[in-house]
Amino acid sequence: MKNTTKYIIGVMSGTSLDGIDIVYVKINAEANYSFKILKAKTILYSNEWKSTLKGGFHLSGEKLVKLDADYGIFLANTILNFIKENDVEKLDFIASHGHTIFHNPAENYTFQIGNGPYITSITGIKTICNFRVQDVALGGQGAPLVPFGDKLLFPEYDYCLNLGGFSNISFSENKQRIAYDICPVNIVLNHYVASLNMEYDDKGAMASIGNLDKNLLEELNSLAFYSDAKPKSLGYEFVVETIFPMIDKRNLNINDILRTFVEHVAMQISKKIESNSDKTMLVTGGGAFNTYLMERLQSYTKTQLIIPEETIINYKEALVFALLGFLKEEGKINCLKSVTGARKNHSSGMVFEL
């Protein structure tokens with residue numbers, strides 16, 4: 001290994017459209033991998049950007065290409081502001097996930113906007129991006145990618161659960177890392193509170209006073225996706241085409257929708273883990289702040305739910321993409337076939353530098 005310590009900016013935008021998560025991190029790779037988050041910030045999207053990104057799913061080809069470029073320019077300037085605000089001097093490269101517009105590995109495509117060449121040309125800094133495309137080309141799901149970071153950075157936990165737009169879980173089984181998406185979470189919950197001009201249901205307060213609709217819960221739990229063989233991954237398409245119509249046809253009030261969907265999430269996650277008080281599960285992502293969701297999940301399992309410090313909750317994904325960039329630059333494997341179903345383990349991502 002050329003250099004066991006690297007200073008990296010990791011950038012992540014999730015499907016829940018909370019904003020752009022940026023971390024400035026020091027990663028060390030001597031005996032084991034270790035990290036220190038030096039600076040971190042979430043840049044909230046303006047209403048205009050939020051609407052634009054949400055509408056990207058419906059754009060024509062030419063407009064989508066333009067959005068890819070525009071968003072790359074926006075990311076570049078956002079990163080430059082972060083560098084300036086935090087007096088970042090030591091920096092080896094930027095690792096950017098981009099923002100997912102399409103994810104349909106069954107049809108051989110995934111598309112994250114946030115044009116890497118623009119980020120490099122504007123910042124003047126080497127940029128590593130497009131972490132999912134190669135995996136799909138190798139027959140994989142292109143997701144989830146964070147579990148490889150779980151394995152290297154958080155090995156002390158039996159399970160690592162991320163509650164973002166979608167929930168995904170990773171764990172070791174028979175000396176292999178296994179991971180997959182479980183179900184939608186914040187992408188659904190946030191969608192319904194948006195009609196009340198709210199960003200999210202704070203601590204699950206609205207869900208906690210709603211009534212459980214048993215018919216909707218049964219229909220959600222009966223979706224074919226949940227009985228599909230692993231590996232598997234979810235995209236916005238599944239939510240738009242399947243989840244929203246299933247919920248909307250019932251004309252429920254928002255509290256009842258939230259209450260029922262929280263129960264659905266808790267039930268689906270609990271089915272994927274062993275109920276054992278000796279086991280621990282690290283919980284990160286915005287959903288970890290949903291107290292009511294955590295209570296409902298804990299009611300279904302004896303496994304200890306460990307909620308870490310806020311920096312880890314909020315920035316674990318951006319941190320892991322910094323690590324994936326580290327591994328890519330070293331020519332090391334950063335994507336596991338046991339997780340995504342690809343034909344082989346591989347080093348994924350594209351590198352742009354001036």
Side-chain angles (χ1 to χ4, degrees), residues 3 6-27 37-57 59-103 110-134 145 314-315 317-330 334 347-354:
N3 184 356
K6 293 187 187 295
Y7 292 84
I8 308 163
I9 285 179
V11 186
M12 176 69 193
S13 173
T15 47
S16 52
L17 291 171
D18 298 329
I20 303 168
D21 294 333
I22 305 182
V23 295
Y24 174 47
V25 61
K26 175 184 178 182
I27 295 181
I37 294 177
L38 303 172
K39 299 288 181 179
K41 184 176 183 179
T42 297
I43 291 86
L44 300 178
Y45 285 122
S46 65
N47 290 334
E48 182 180 359
W49 265 115
K50 192 173 288 189
S51 175
T52 298
L53 293 174
K54 198 170 185 179
F57 185 70
L59 292 179
S60 66
E62 183 178 1
K63 289 182 178 178
L64 190 57
V65 170
K66 185 177 187 309
L67 177 59
D68 178 38
D70 289 347
Y71 187 66
I73 294 167
F74 173 63
L75 281 182
N77 288 313
T78 301
I79 293 166
L80 279 179
N81 288 337
F82 176 85
I83 290 171
K84 184 177 180 181
E85 287 174 9
N86 293 288
D87 296 320
V88 173
E89 294 181 355
K90 289 184 178 180
L91 183 58
D92 290 290
F93 59 84
I94 295 163
S96 176
H97 169 268
H99 184 85
T100 298
I101 300 294
F102 294 109
H103 183 71
T110 184
F111 184 55
Q112 288 72 45
I113 60 170
N115 192 286
Y118 273 108
I119 297 175
T120 300
S121 66
I122 292 171
T123 63
I125 301 163
K126 179 192 295 186
T127 299
I128 303 176
C129 58
N130 285 1
F131 288 96
R132 300 187 188 275
V133 176
Q134 179 171 282
L145 298 185
N314 288 326
Y315 299 105
E317 287 191 297
L319 163 66
V320 169
F321 277 97
L323 173 66
L324 298 184
F326 185 119
L327 295 167
K328 173 63 180 179
E329 196 190 40
E330 294 288 339
N334 63 7
S347 186
S348 194
M350 298 176 68
V351 182
F352 297 98
E353 56 186 326
L354 299 177

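Owing to the predicted nature of the structure, the values given are computational and were not obtained by experimental measurement.
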> Check whether more than 12 heavy atoms from other residues, nucleotides or ligands sit under 6.0 Å from atom NZ of K26, and answer yes or no.
no
> Got a sec, which pairs hit salt bridge (charged side-chain N to carboxylate O under 4.0 Å, His left out) with one end in residues 38-48, sequence neighbours left out?
K41-E85
> Quick one: pull up CD1 in I94 and OG1 in T127 and give me the separation to the nearest 0.5 Å.
4.0 Å
> Please check: side-chain N/O of K328 versus main-chain N/O of S348, any donor-acceptor pairing under 3.5 Å?
no
> Which heavy atom in K6 sits nearest to a heavy atom in F93, and how many Å separate them?
CD-CE2, 3.9 Å
> Are I113 and L53 close enough that some pair of their side-chain heavy atoms sits under 4.5 Å apart?
yes
> If you count heavy atoms of other groups shown closer than 6.0 angstrom to OH of Y24, is the number above 12?
yes
> Output, in order, the C-alpha distance, side-chain angles, deciding distance and verdict of side chain to side chain contact (heavy atoms under 4.5 Å, CB included) for Q134 and M350.
CA-CA 9 Å; Q134 179 171 282; M350 298 176 68; over 6 Å; no
> What distance separates T123 OG1 from Y118 OH, expressed to the nearest 0.5 Å?
14.0 Å
> Which heavy atom of F82 sits nearest to which heavy atom of V23, and what is that distance?
CZ-C, 4.4 Å
> With side chain to side chain contact (heavy atoms under 4.5 Å, CB included) as the criterion, how do H99 and I101 come out once you've worked through the C-alpha distance, each side chain's angles and the decisive distance to 0.1 Å?
CA-CA 6 Å; H99 184 85; I101 300 294; 4.0 Å; yes
> Taking all non-hydrogen atoms of both residues, which atom of F321 and which atom of A95 are closest, and how far apart?
O-CB, 3.2 Å
> CG/N314 to CG/L319 distance, rounded to the nearest 0.5 angstrom?
12.5 Å
> Is it the case that the side chain of N115 and the backbone of D68 share a donor-acceptor pair, with hydrogens and angles ignored and the cut-off at 3.5 Å?
no
> Nearest 0.5 Å, please: how far is CD1 in I20 from CZ in F74?
4.0 Å
> Quick one: closest heavy-atom pair of L145 and V320, and the distance?
O-CG1, 4.5 Å
> Any side-chain heavy atom of K126 within less than 4.5 Å of one from V351?
yes
> Taking only residues at least two apart or on different chains, which pairs with a member in residues 10-19 satisfy salt bridge (charged side-chain N to carboxylate O under 4.0 Å, His left out)?
none
> Let me see the working for D92 and F326 under side chain to side chain contact (heavy atoms under 4.5 Å, CB included), right down to the final yes or no.
CA-CA 9 Å; D92 290 290; F326 185 119; over 6 Å; no
> Is there a side-chain contact between R132 and Q112 in this structure, where contact means two heavy atoms from C-beta onward sitting under 4.5 Å apart?
yes
> Once the angle between the rings of F57 and F102 is folded into 0 to 90°, is it parallel (under 30°), tilted (30 to 60°) or perpendicular (over 60°)?
tilted
> Looking at every non-hydrogen atom in both residues, tell me the closest pair between I119 and I79 and how far apart they are.
CG2-CD1, 4.2 Å
> Between I125 and I83, is the side chain to side chain contact (heavy atoms under 4.5 Å, CB included) condition met? List the steps.
CA-CA 11 Å; I125 301 163; I83 290 171; 3.7 Å; yes
> Look at the side chain of D21 and the backbone N and O of Y315, then say whether any donor-acceptor pair between them is shorter than 3.5 Å.
no
> Would you give the length of the straight line joining atom NZ of K66 to atom OG of S60, rounded to the nearest 0.5 angstrom?
11.5 Å
> Nearest 0.5 Å, what's the CG-CG distance between L75 and L80?
11.0 Å
> Can you see which heavy atom on F352 is nearest to which on C129, and at what distance?
CE1-SG, 3.6 Å
